[in-house]
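For reference, the structure discussed in these notes is given below.
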Amino acid sequence: MTTLVTTGHVQVLGVPGDRHEEVLTPEALDFIARLDAAFAARRFDLLTERRRRSALLRGGTPLDFSRATKSIRTDPDWRVARPAPGLTDRRVEITGPPERRIAVNALNSGAQVWMADFEDATSPTWENIVQGQLTLIDAIDRRIDFTADNGKEYRLTDRPATIMVRPRGWHLTEKHLVIDGRPVPAALVDFGLYFFHCARRQIDAGSGPYFYLPKLENRYEARLWNDVFLLAQDLLDIPRGTIRATVLIETITAAFEMEEILHELREHSAGLNAGRWDYLFSLIKNFAHRPDFVLPDRATVTMTAPFMRAYTELLVRTCHQRGAHAIGGMAAQIPGGGTEALEAALAKVRLDKEREAEDGFDGSWVAHPGLVPVCRTVFGEVLGDRPHQLERTRDDVHVTAEELVAVRRTAGRPTPEGVRDNIAVTLRYYDAWLNGRGAVALNGLMEDAATAEIARVQIWQWLKHGTVERRSVERLFEEELATLGATYPWARLDQVRDLFERTALAKELPAFFTTEAYARHLVGRPVVQA
């Protein structure tokens, strides 16, 4: 490691890259340092609380709606902020890492929103993080046009999608930016660099600094983000309420605090999103110790499962009761593979989006530009000329705590094919992530960290409860590792093996594979984790 920049207590470590100095200015680093000074300690305390609550769940403490916040849930009068410019109509949102080619294709896709994802779709190499920020600056300044090595031209259209940015979650750190030898919270790095460089740019362009907030577990974590927003706006003399943020409800604990999360962020709220893959991962992870929470193959656990239906219907009702957008989950299919395969993929997407639109969602996510037309058509059939359906308050929906965790009603057992698929997806995704790619096309689906997490925690849970034999899992593991090496001679087989053994086969279940992989393999040496 070499020191690239030192400003006050801030050190940026790593090898300098092309145009890095445009992002890592002394003023931007000072801005991040001020955010860190104000909020790093609170973040540490909240992560400590996460571990405490996780231990309580393992000990049998049931989940329920909080009595302490009943007054917030029963107060009929409060509402979130009105939609900000560019966020009124959100019927199609496309997601992907902030890479130059992907950014142009997403912005030109016809979707209303592009979510630039520094979290699940980005492997957090230092080059990826800084170049991602440069991509966003260039996109806003309309300097993102380029010609690829194969001669293909990428040019931004006159009406690109609105940009929203998803920073990394509170649980992650950025070891290449340190203060007094301590890594800065990755969320503050991603948010801080984008906000410092792009907030004014976006306002001048008639939009604003908009965000997606990942993996929140409770209202206190939402309150922390709200306080970050307040300070950031004050430091740059930007009016309070200019920032807007959509929270991904992708943890089981957050599902019990949807209204409270909206309430904490109401001045800055742009609604909630059904982050269904991370939600499924969170549910399995938190109840992995319980045999009555063992699920069948991940491909068979669809949004029609009773506990998933309860979650999404409660989300729509909660949002619309408070004037907030409800955004549906990811369609991860990748069009291609011949006419029949394409038609089958589009049919699945249409069915999924029809259910969401009929349930009251105001829009939904897709992972590929080829899915934008079908999603837009489906929501257009329901919305017509309306930009959303906030008036559908879903007073007919009444969800209990028991219904949110009614996993035992999901029938089925893991199949040999499902076990092999989970192992194969995990190994292939780990290798791609370690090689700097966070969004990976596998078997006709766009896999990211969330789907890899589901695959590996299912393996762990199935082994713990004897649902599958360890000898069988170890045999499939060796077979799929060998296949990976034969298919990709450059694969990091030793690191992939180590990571799989630590995150899927170990006695204790790590909360996230990303923290383990980042600390041990991605940046070359251990990092201090909060």
Side-chain angles (χ1 to χ4, degrees), residues 1-43 98 100 103 116 118 122 124-144 163-168 170 172-211 224-245 268:
M1 290 291 180
T2 59
T3 299
L4 174 63
V5 178
T6 300
T7 175
H9 293 295
V10 184
Q11 288 183 306
V12 179
L13 306 178
V15 178
D18 183 38
R19 298 176 60 198
H20 280 205
E21 71 281 357
E22 296 179 33
V23 174
L24 305 171
T25 64
E27 296 80 7
L29 296 176
D30 180 68
F31 179 72
I32 290 175
R34 296 178 76 174
L35 296 179
D36 179 85
F39 302 114
R42 276 177 62 185
R43 167 196 172 265
R100 204 170 187 87
F118 283 92
T122 293
T125 67
W126 183 235
E127 183 68 11
N128 282 348
I129 296 303
V130 181
Q131 286 298 323
Q133 295 287 342
L134 285 165
T135 294
L136 294 170
I137 293 171
D138 288 349
I140 298 167
D141 289 349
R142 302 191 66 86
R143 293 183 292 153
I144 201 170
I163 295 174
M164 300 185 76
V165 173
R166 176 159 68 167
R168 284 168 285 176
W170 284 127
L172 296 167
T173 58
E174 177 51 70
K175 82 167 284 189
H176 295 98
L177 203 164
V178 300
I179 297 176
D180 296 330
R182 172 183 53 79
V184 176
L188 297 182
V189 174
D190 300 341
F191 165 82
L193 289 175
Y194 176 72
F195 188 78
F196 183 85
H197 291 294
C198 297
R200 284 288 180 192
R201 281 179 160 97
Q202 289 285 42
I203 294 167
D204 292 344
S207 184
Y210 306 145
F211 298 90
L224 175 57
W225 267 119
N226 197 69
D227 290 343
V228 170
F229 295 162
L230 292 173
L231 179 59
Q233 290 166 135
D234 289 349
L235 289 175
L236 298 189
D237 197 26
I238 289 173
R240 291 189 172 192
T242 301
I243 293 174
R244 295 302 169 84
H268 300 105

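We use all heavy atoms of the structure for the numbers below, so side chains are in, but hydrogens, waters and symmetry mates are not.
- I32 pairs by the side-chain contact (heavy atoms from CB on, under 4.5 Å) definition with L177, V184, L193, not counting sequence neighbours.
- No donor-acceptor distance shorter than 3.5 angstrom exists from the side chain of Q131 to the backbone of R100, with no hydrogens or angles considered.
- With sequence neighbours excluded, no residue satisfies salt bridge (Lys or Arg N to Asp or Glu O under 4.0 Å) with R142.
- No side-chain heavy atom of T173 sits under 4.5 Å from any side-chain heavy atom of R182.
- Counting only distance, with no hydrogens or angles, the side chain of H197 and the backbone of V23 share a donor-acceptor pair below 3.5 Å.
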> Run the side-chain contact (heavy atoms from CB on, under 4.5 Å) check on V189 and F118 step by step: do they pass?
Replying inline: CA-CA 11 Å; V189 174; F118 283 92; over 6 Å; no
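- Side-chain contact between P185 and D36: present, with at least one pair of heavy atoms (C-beta onward) separated by less than 4.5 Å.
- Atoms CG and CG, from L231 and L236 in turn, are 9.0 Å apart once rounded to the nearest 0.5 Å.
- When all heavy atoms of R43 and W170 are compared, the closest pair comes out as NE-O, 2.7 Å.
- Environment of CG in D237: sparse, with no more than 12 heavy atoms of neighbouring residues, nucleotides or ligands closer than 6.0 Å.
- For the pair H20 and V130, the tightest heavy-atom approach, listed with the atom from each and the gap, is CD2-CG1, 3.5 Å.
- Within the structure, salt bridge (Lys or Arg N to Asp or Glu O under 4.0 Å) contacts touching residues 189-200 (residues at least two apart or in different chains) are R168-D190.
- For the 3.5 Å distance criterion, the side chains of Q11 and H176 fail to qualify, holding no donor opposite an acceptor.
- Scanning all heavy atoms of the two residues, the minimum distance from L35 to G192 falls at CD1-CA, 4.2 Å.
- Around the CZ atom of R34, the shell of radius 6.0 Å holds no more than 12 heavy atoms that belong to other residues, nucleotides or ligands.
- Between the side chain of T135 and the main chain of P98, a donor-acceptor pair closer than 3.5 Å is present.
- By the side-chain hydrogen bond (donor to acceptor under 3.5 Å, both in side chains) test, Y210 is found to be paired with no residue, residues two or more places apart in sequence or in another chain being considered.
- Partners of F211 by ring-ring contact (aromatic ring centres under 6.0 Å, His included), not counting sequence neighbours, listed by chain and number: F191, Y194.
- Under the 4.0 Å criterion applied to side-chain N and carboxylate O atoms, R143 and D141 are assigned as salt-bridge partners.
- Heavy-atom minimum distance, P209 versus Q202: N-CB, 4.1 Å.
- For E22, the salt bridge (Lys or Arg N to Asp or Glu O under 4.0 Å) test picks out R19, with sequence neighbours left out.
- One distance of note links CZ of F229 with CD1 of I238; it measures 12.5 Å at 0.5 Å rounding.
- Here the closest heavy-atom approach between residue E127 and residue G17 is recorded as OE1-CA, 4.3 Å.
- In terms of modelled atom types and a separation under 3.5 Å, the side chain of Q233 and the main chain of T242 share a donor-acceptor contact.
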Show your reasoning for whether side-chain contact (heavy atoms from CB on, under 4.5 Å) applies to I137 and C198. CA-CA 6 Å; I137 293 171; C198 297; 3.7 Å; yes
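- To the nearest 0.5 angstrom, D18 atom CG is 8.0 Å from L134 atom CG.
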(message) Under the criterion side-chain contact (heavy atoms from CB on, under 4.5 Å), I'd like the reasoning laid out for L13 against V178: C-alpha separation, chi angles, the key distance, then a yes or no.
(response) CA-CA 8 Å; L13 306 178; V178 300; 4.2 Å; yes
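- Shown here for L224 and F39, the closest heavy-atom pair between the two residues is CD1-CD2, 3.6 Å.
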| task | Would you check, one step at a time, whether the test side-chain contact (heavy atoms from CB on, under 4.5 Å) holds for W126 with E174? | result | CA-CA 9 Å; W126 183 235; E174 177 51 70; 3.6 Å; yes
